Q: 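Input: one structure, supplied below.
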Amino acid sequence: MTSTTPQTDTPSFEVHRTDTPVPDAEREASLVSPRFGTVFTDHMARVTWTQGSGWHHRRVERYGPLQLDPAAAVLHYAQEIFEGLKAYRHADGSVWSFRPWANAERFARSAHRLALPVLPTEDFLAAVTALVETDIAWVPTGEETSLYLRPFMYASERFLGVRPTLEAEFLVIASPVGPYFVGGVKPVSIWVSQDYHRAGAGGTGAAKCGGNYAASLLPQQEAYEQGCEQVCFLDASTNTLLEELGGMNVFVVKADGTVATPELSGSILEGVTRSSVIELLTAAGHEVSERPIPLAEVLAGLVDGSVSEVFACGTAAVVTPIGRLAGADFDHTVADGEAGPVTTRVRTELTDIQYGRAADAHGWMHRLV
Ligand code: COI
């Protein structure tokens, strides 16, 4: 079955619906308590790029394996970028995304850094919309659930020379999700890696590219071995300043109500949730500074009580309290079982906007369906 989404000045996607969607009962069962990143919808959106023709062949097609030449550049030189955003079901059945243009703009910056073709914001938004329209039945309704959208682009050219690709594919896949961490919303434990770094000056740290996450996996494994759920990286130049976690930004709350988060040094991801949290905290009267944060300052603050809360944030993690901060020669409890009041309040404010329970005073929400 083929149709074309009626659009005016937005790019048009041909929709080729699968003849064998997941049966209704099976889909409904998988939406009840979806584990992050394990279930995928019936379709994916896709656009092809070649140097000669630019972006073309916009379509929604059956979700399934990709055909990739063994010499495709992405497999050898990791020329790949991705994004993460969510579609939220509101009480009236409508489906919304949160600041999707911010993801589209970051995707363009990541493409530039990885020498991939820049996808126009309109294409990014039209692809996301076309996929969510097609797979609307997959947007869950349960508390803390959403449809996680994963746009990505990779170098598909069959060529082993080291230079920017002349062919690329852009796709969006979708996955119904619950909380990122197994066990739901509760304080997580963090291992501060002092042996490995995620990114360095002039590198790709600010881009959302697979390579950054590949570099985080060995230290992430070390974190698991130390009984922690996430790894935290320090800066590559001095090995003293907090940077970010494996897949989320970090905030430190002081007992005097001030809040600090690592400044955007060029090696830190410019999180959409991070900037939203800064705005919400500022509007609530907190003084929020983006600055270098020495690990030693946080550890001393946990001992003398001047640091009261630490939390992580990101699209997948939303706002997640940090309960324990450990490293080679320290191990501190930050929160014992419960999130602190600042973490709880900003998480509630953010999710109330995302799920349509509170007014969208900032103009952050964008209706998809
Ligand atoms: C996100 O929060 O969307 C991320 O991309 C983090 C992680 C799941 C890779």
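Both counts, for ligands and for their atoms, begin at 1 and track the order of listing. Values below: all heavy atoms of this structure, side chains included; hydrogens, waters and symmetry mates excluded. We number each residue from 1, following the sequence as shown. These numbers come from a predicted model, not from an experiment.
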Q: Other residues, nucleotides and ligands only: do more than 12 of their heavy atoms fall within 6.0 Å of CZ on Arg35?
A: no
Q: Between the side chains of Thr145 and Arg89, does any donor sit under 3.5 Å from an acceptor?
A: no
Q: Could you go step by step and tell me if His366 and Trp96 meet the side-chain hydrogen bond (donor to acceptor under 3.5 Å, both in side chains) rule?
A: CA-CA 5 Å; His366 172 76; Trp96 299 69; over 6 Å; no
Q: Would you mind listing which atoms of ligand 1 come within a distance below 4.0 Å of any non-hydrogen atom of Thr315?
A: 1 (C), 2 (O), 3 (O)
Q: Is it the side chain, the backbone, both or neither of Arg150 that has a heavy atom closer than 4.0 Å to ligand 1?
A: side chain
Q: Is the closest side-chain donor-acceptor distance between Glu309 and Thr343 under 3.5 Å?
A: yes
Q: Any atoms of ligand 1 less than 4.0 Å from a non-hydrogen atom of Gly84? List them with their elements.
A: 3 (O)
Q: What is the nearest protein non-hydrogen atom to atom 9 (C) of ligand 1, stated with its residue, atom name and distance?
A: Tyr213 CE2, 3.7 Å
Q: Can you give me every donor-acceptor pair (side chain of residues 62-69, partner residue at least two apart or in another chain, under 3.5 Å) with its distance?
A:
unit_1, atom_1, unit_2, atom_2, d
Arg62, NH1, Thr20, OG1, 3.4
Asp69, OD1, Ala71, N, 2.8

Q: Which of the atoms of ligand 1 are close to Tyr180, meaning less than 4.0 Å from one of its heavy atoms?
A: 8 (C)
Q: Please state which protein non-hydrogen atom is closest to atom 3 (O) of ligand 1 and give its distance, to 0.1 Å?
A: Tyr148 OH, 2.6 Å
Q: If you have a sec, work out which protein heavy atom is nearest atom 7 (C) of ligand 1 and how many Å separate them, to one decimal?
A: Gly247 O, 4.3 Å
Q: Please list the nearest protein heavy atom to atom 2 (O) of ligand 1 with its residue and the distance rounded to 0.1 Å.
A: Ala316 N, 2.8 Å
Q: Whether Glu169 and Arg46 form a salt bridge (side-chain N of Lys/Arg under 4.0 Å from carboxylate O of Asp/Glu) is what I want to check.
A: yes
Q: Which residues pass the salt bridge (Lys or Arg N to Asp or Glu O under 4.0 Å) test with Glu222, not counting sequence neighbours?
A: none
Q: Considering non-hydrogen atoms of the protein only, which is the closest contact for atom 5 (O) of ligand 1, and what is the distance?
A: Lys208 NZ, 2.8 Å
Q: May I ask you to list the atoms of ligand 1 that are less than 4.0 angstrom from any heavy atom of Phe82?
A: 5 (O)
